[in-house]
A.B. asks: 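Quick one: structure below, then a few questions.
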Amino acid sequence: MDYTTAQINRNFLIKVSGVNGEGKRLNTLVGVSGLLRLIGEKLANNLLTRAFKCMLDKCVCKLRRGLKITFYYK
């Protein structure tokens with residue numbers, strides 16, 4: 001990972017909504033480990049880099065597989 005867990009948790013609340021790979025509906029806050037479990041390390045790095053560059057109230061990332069990941073700034 002390019003960023004530490006403490007650095008991510010200090011700056012963001014991460015919300016995941018949509019349908020996961022098993023067909024289960026999600027609409028919940030997750031931590032860094034939950035995000036890695038859902039999308040993997042490589043994609044998480046890309047989305048976090050995008051979120052750190054954005055610097056607005058929130059950064060919404062939509063994936064083709066039906067997940068919407070929102071990074072809320074603290």
Side-chain angles (χ1 to χ4, degrees):
M1 293 265 320
D2 295 339
Y3 305 98
T4 63
T5 302
Q7 190 177 15
I8 297 166
N9 288 332
R10 188 179 319 121
N11 292 310
F12 300 111
L13 291 175
I14 305 168
K15 182 178 180 183
V16 176
S17 60
V19 181
N20 68 356
E22 300 159 357
K24 195 173 183 182
R25 302 274 302 155
L26 296 172
N27 189 17
T28 185
L29 289 173
V30 295
V32 177
S33 63
L35 181 68
L36 291 175
R37 207 173 316 122
L38 282 171
I39 63 174
E41 186 175 343
K42 184 178 178 184
L43 188 56
N45 277 333
N46 291 340
L47 296 182
L48 284 167
T49 302
R50 179 177 168 186
F52 273 106
K53 286 181 183 177
C54 188
M55 299 306 282
L56 297 173
D57 291 339
K58 65 181 180 179
C59 178
V60 179
C61 304
K62 296 179 183 177
L63 302 179
R64 289 185 183 180
R65 59 179 109 162
L67 284 178
K68 181 171 80 170
I69 301 165
T70 307
F71 296 94
Y72 292 99
Y73 291 96
K74 290 185 178 181

A.B. asks: Which heavy atom of G18 sits nearest to which heavy atom of L67, and what is that distance?
C.D. replies: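 In terms of heavy atoms, the two residues are closest at C-CD2, 4.4 Å.
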A.B. asks: Partners of R10 by side chain to side chain contact (heavy atoms under 4.5 Å, CB included), sequence neighbours excluded?
C.D. replies: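 With neighbours one apart ignored, the set is A6, Q7.
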A.B. asks: Test of understanding: clusters of I, L, V, M, F, W, Y form through side-chain heavy atoms closer than 4.5 Å, transitively. Do L63 and V32 belong to the same one?
C.D. replies: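 Yes; tracing contacts between hydrophobic side chains, which count when under 4.5 Å, links both residues.
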A.B. asks: Does anything in residues 22-42 form a ring pair (Phe, Tyr, Trp, His ring centres under 6.0 Å)? List the pairs, not counting sequence neighbours.
C.D. replies: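 Of all non-adjacent pairs touching residues 22-42, none passes ring pair (Phe, Tyr, Trp, His ring centres under 6.0 Å).
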A.B. asks: Could you tell me if the side chain of K15 sits less than 4.5 Å from the side chain of N27, heavy atoms only?
C.D. replies: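 Of all side-chain heavy-atom pairs linking K15 with N27, at least one is under 4.5 Å.
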A.B. asks: Which pairs of donor and acceptor atoms, one on a side chain in residues 35-59, lie under 3.5 Å apart (sequence neighbours left out)?
C.D. replies:
| residue | atom | partner | partner atom | Å |
| --- | --- | --- | --- | --- |
| E41 | OE2 | M1 | N | 2.8 |
| N45 | OD1 | D2 | N | 3.1 |
| T49 | OG1 | N45 | O | 2.8 |
| R50 | NH2 | V60 | O | 3.4 |

A.B. asks: Between N9 and K74, what is the shortest heavy-atom contact and its length?
C.D. replies: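 The answer is O-NZ, 2.7 Å.
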A.B. asks: Do the side chains of Y3 and I14 join up, straight or via other hydrophobic residues, at under 4.5 Å, putting them in one cluster?
C.D. replies: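 Result: yes, single cluster for both.
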